[in-house]
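Structure first, commentary second.
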Amino acid sequence: MVKNPGDPYPLVQVEHYERYVGAEVVERILEKARPLQDLRVAHVNSTYYGGGVAELLSPLTLLMNSVGMVTEWRAIQGPPDFFNITKKMHNALQGADIHLTPMKATIYEEVVYENAVRNRLDHDRVVIHDPQPLPIVRHSRKRGPWIWRCHVDLSNPEPSLWAYLKPFVEQYDATVLSIPEYARELSIPQLFFMPAIDPFSIKNREMHEAEIEERLQHHHIPTDLPLVVQVSRFDHWKDPEGVVAAWRLARRETPCTLVLLGNMASDDPEGQRVYEQVMRHRDERLIVLSREDTALVNALQRRAAVVVQKSLREGFGLTVAEAMWKGTPVIGGNVGGIRHQLEDGHNGFLVDSVEHCAARIVQLLRSPKLRHQLGQHAHETVRRRFLLTRYLEQYLDLFNAFEA
Ligand code: UDP
């Protein structure tokens with residue numbers, strides 16, 4: 001990676017993407033960034049680690065700085081009570097039931113207020129991510145537009161919760177959702193930006209065979225049989241039980257090892273319980289790992305014969321794009337953002353049931369040619385549509401629209 005003069009470490013610059021997206025795109029992005037030089041931008045979410053939002057903000061905030069905007073990233077803090085409530089909200093926004101008592105609403109609003117006091121959000125553009133910090137807009141002294149960036153699947157929110165949150169949302173100047181299916185009836189503009197991946201990160205960069213082998217051996221992952229892999233936070237929406245059931249059916253037809261690699265996010269209190277449930281299935285051919293090892297994610301997504309992301313709800317599903325980038329065929333749940341990444345039969349498969357998933361696993365394991373073909377198309381899909389430059393450009397367009 002090229003160092004910029006004055007940079008002690010070689011941070012990724014937008015120019016580095018030229019080899020993937022071409023000089024014209026890089027030039028266009030730099031042109032769009034020109035009117036925004038020194039603009040002060042804040043992104044606010046609820047965790048610095050774990051889950052797709054932190055995964056995105058980490059490279060995005062650096063790339064925004066690299067094109068001249070003074071971009072900060074803040075994560076709100078709160079006690080476990082707060083995160084228990086916000087996790088229930090997250091689940092209910094994706095359709096689960098919720099019993100939001102006045103006491104819980106008070107805890108939620110008070111903790112967000114405390115964070116408003118601690119964080120002076122007087123930036124030219126403020127982007128608030130997801131429901132956890134949503135009400136912070138009430139306490140802002142707006143110096144510029146505020147945007148609510150919601151990453152969850154909003155197609156069918158629990159009605160009482162949505163009625164409670166909607167007035168907060170409408171205090172923003174715009175909302176950004178991942179796909180048009182998540183649009184709600186709102187008095188503010190709604191835009192649609194799908195997330196994207198950083199091809200230069202440890203998780204996504206090229207890896208030599210020897211490095212892949214070393215990571216797998218380090219974690220005692222057997223490689224004598226083809227690997228079926230799902231990489232996901234331990235969360236019911238990711239349907240780890242369904243993946244296990246599909247793998248059990250598939251292995252009757254063709255031998256394979258299942259690896260479930262998961263982690264937990266600091267704003268997700270349900271992870272430990274789901275992890276313990278999944279651990280009960282472990283045997284020598286069903287490996288369950290909870291490790292904070294980004295290179296292992298890369299190695300598994302590369303070495304897998306098939307990556308599965310059998311989610312029941314999925315705002316976008318970065319893990320899908322990550323595996324596709326590596327040329328690995330992906331079988332995804334036919335839901336939410338996964339549907340916008342996988343074109344069934346062209347660059348992967350979409351499935352609606354355990355049996356369907358099992359049949360696709362068997363089909364792929366039996367055909368190296370099909371795996372190669374889908375993997376090639378998958379890589380090309382990500383190159384064209386899901387690299388971070390596209391996401392950055394959408395933000396630049398949005399920020400410029402407010403400038404006009
Ligand atoms: N991830 C990881 N280690 C794990 C599990 C997940 O690094 O053990 C990463 C994964 O590679 C992806 C992100 O966490 O970058 C999850 O994002 P996604 O959009 O797939 O799901 P979310 O967790 O936001 O629902």
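As the structure is a prediction and not an experimental result, all values here were calculated from the model. Both counts, for ligands and for their atoms, begin at 1 and track the order of listing.
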Identify the residue among Phe386, Phe192, Phe193 that makes a ring pair (Phe, Tyr, Trp, His ring centres under 6.0 Å) with Phe316. Phe386
Would you mind writing out a table of all protein N or O atoms found under 3.5 Å from any N or O atom of ligand 1, naming both atoms and giving the distance to 0.1 Å?
{"unit_1": "ligand 1", "atom_1": "3 (N)", "unit_2": "Asn263", "atom_2": "ND2", "d": "3.3"}
{"unit_1": "ligand 1", "atom_1": "7 (O)", "unit_2": "Lys203", "atom_2": "NZ", "d": "2.8"}
{"unit_1": "ligand 1", "atom_1": "8 (O)", "unit_2": "Gly262", "atom_2": "O", "d": "3.3"}
{"unit_1": "ligand 1", "atom_1": "8 (O)", "unit_2": "Asn263", "atom_2": "N", "d": "3.2"}
{"unit_1": "ligand 1", "atom_1": "11 (O)", "unit_2": "Lys203", "atom_2": "NZ", "d": "3.0"}
{"unit_1": "ligand 1", "atom_1": "11 (O)", "unit_2": "Glu322", "atom_2": "OE1", "d": "2.7"}
{"unit_1": "ligand 1", "atom_1": "11 (O)", "unit_2": "Glu322", "atom_2": "OE2", "d": "3.4"}
{"unit_1": "ligand 1", "atom_1": "15 (O)", "unit_2": "Lys203", "atom_2": "NZ", "d": "3.4"}
{"unit_1": "ligand 1", "atom_1": "15 (O)", "unit_2": "Glu322", "atom_2": "OE2", "d": "2.5"}
{"unit_1": "ligand 1", "atom_1": "17 (O)", "unit_2": "Gly52", "atom_2": "N", "d": "3.3"}
{"unit_1": "ligand 1", "atom_1": "19 (O)", "unit_2": "Leu318", "atom_2": "N", "d": "2.9"}
{"unit_1": "ligand 1", "atom_1": "20 (O)", "unit_2": "Leu318", "atom_2": "N", "d": "3.2"}
{"unit_1": "ligand 1", "atom_1": "20 (O)", "unit_2": "Thr319", "atom_2": "N", "d": "3.2"}
{"unit_1": "ligand 1", "atom_1": "20 (O)", "unit_2": "Thr319", "atom_2": "OG1", "d": "3.4"}
{"unit_1": "ligand 1", "atom_1": "21 (O)", "unit_2": "Lys238", "atom_2": "NZ", "d": "3.0"}
{"unit_1": "ligand 1", "atom_1": "23 (O)", "unit_2": "Arg233", "atom_2": "NE", "d": "2.6"}
{"unit_1": "ligand 1", "atom_1": "23 (O)", "unit_2": "Arg233", "atom_2": "NH2", "d": "3.4"}
{"unit_1": "ligand 1", "atom_1": "24 (O)", "unit_2": "Gly52", "atom_2": "N", "d": "2.6"}
{"unit_1": "ligand 1", "atom_1": "25 (O)", "unit_2": "Arg233", "atom_2": "NH2", "d": "2.8"}
{"unit_1": "ligand 1", "atom_1": "25 (O)", "unit_2": "Lys238", "atom_2": "NZ", "d": "2.7"}

Does the ring center of His90 lie less than 6.0 Å from the ring center of Phe83? no
Arg383 charged N/C atom sitting above Tyr20 aromatic ring, 6.0 Å / 45°: no
Contacts satisfying salt bridge (charged side-chain N to carboxylate O under 4.0 Å, His left out) that involve residues 172-190 (not counting sequence neighbours) are Lys142-Asp173
Could you go step by step and tell me if Thr175 and Gln190 meet the side-chain hydrogen bond (donor to acceptor under 3.5 Å, both in side chains) rule? CA-CA 5 Å; Thr175 180; Gln190 303 180 61; over 6 Å; no
Ring geometry between Phe168 and Tyr108 (parallel below 30°, tilted from 30 to 60°, perpendicular above 60°): perpendicular
